[in-house]
Amino acid sequence: GKWGFALIWGMRASVFPKALCIAAPNAVLSFLCCLVVDTSVKVDPAMYDMSKDVWTLMQGFTGVMFFVLTFRSSIAYRRWWEGGTLLQQTRGEWFNAYSSLIAFSTHDPQKISEVEAYHHMLA
C-alpha cells in the first residue's frame with residue numbers, strides 16, 4: 001500500500017513468523033513460572049522461598065535482556081547512521097566526478113582527442 005503496511009503484516013518477507021517461533025516458548029515458560037508462583041504461595045507457605053527464587057530469576061533475566069537489547073539497538077542505530085553518511089559521501093563523490101566530466105568537456109572538433117583522453121583518465 002501507500003504506507004508499506006502490507007510488507008509489515010504480510011507473511012512474505014516478514015519477521016513475525018521467526019519472532020513467533022522464538023517468543024512463543026518464552027511466553028509459555030513465563031506463564032508456567034507465574035503459575036508456579038501463584039500456586040505455591042496459596043497452597044503451601046513453605047514454598048514461598050521457591051517462589052521468591054523464581055521472581056529473582058525473572059528479574060535477572062529481564063535485566064540482562066534489557067541490557068542486551070539496548071546495547072544491540074545502539075550498535076544498529078550507529079551502523080545505520082554510518083551507512084547513510086557513507087552513502088551521501090559516495091553520492092557526493094559521483095556528483096563531483098560527473099560535474100568535472102561535464103565541465104571539462106567541449107564539442108570543439110579540434111580538442112576531441114584531448115577530451116577523450118580526459119574522459120578515459122576519469123574512467
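Below, all heavy atoms of this structure are taken into account, side chains as well, without hydrogens, waters or symmetry copies.
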Could you pull out all donor-acceptor pairs under 3.5 Å where a side-chain atom in residues 87-96 meets a protein atom, sequence neighbours excluded?
from: Thr90; atom 1: OG1; to: Leu86; atom 2: O; distance (Å): 2.8
from: Asn96; atom 1: ND2; to: Gly92; atom 2: O; distance (Å): 3.4

Are Asp108 and Lys111 packed together at the side-chain level, in the sense that at least one heavy-atom pair is separated by less than 4.5 angstrom? yes
Pair up each side-chain donor or acceptor in residues 20-37 with any protein partner under 3.5 Å, not counting sequence neighbours, and list the distances.
from: Asn26; atom 1: ND2; to: Ile22; atom 2: O; distance (Å): 2.9
from: Ser30; atom 1: OG; to: Asn26; atom 2: O; distance (Å): 3.0

Listing, residues 57-79 side-chain donor-acceptor contacts under 3.5 Å, not counting sequence neighbours, or none:
from: Thr62; atom 1: OG1; to: Met58; atom 2: O; distance (Å): 2.8
from: Thr70; atom 1: OG1; to: Phe66; atom 2: O; distance (Å): 2.7
from: Ser73; atom 1: OG; to: Leu69; atom 2: O; distance (Å): 2.8
from: Ser74; atom 1: OG; to: Thr70; atom 2: O; distance (Å): 3.4
from: Ser74; atom 1: OG; to: Phe71; atom 2: O; distance (Å): 2.8
from: Tyr77; atom 1: OH; to: Trp81; atom 2: NE1; distance (Å): 2.8

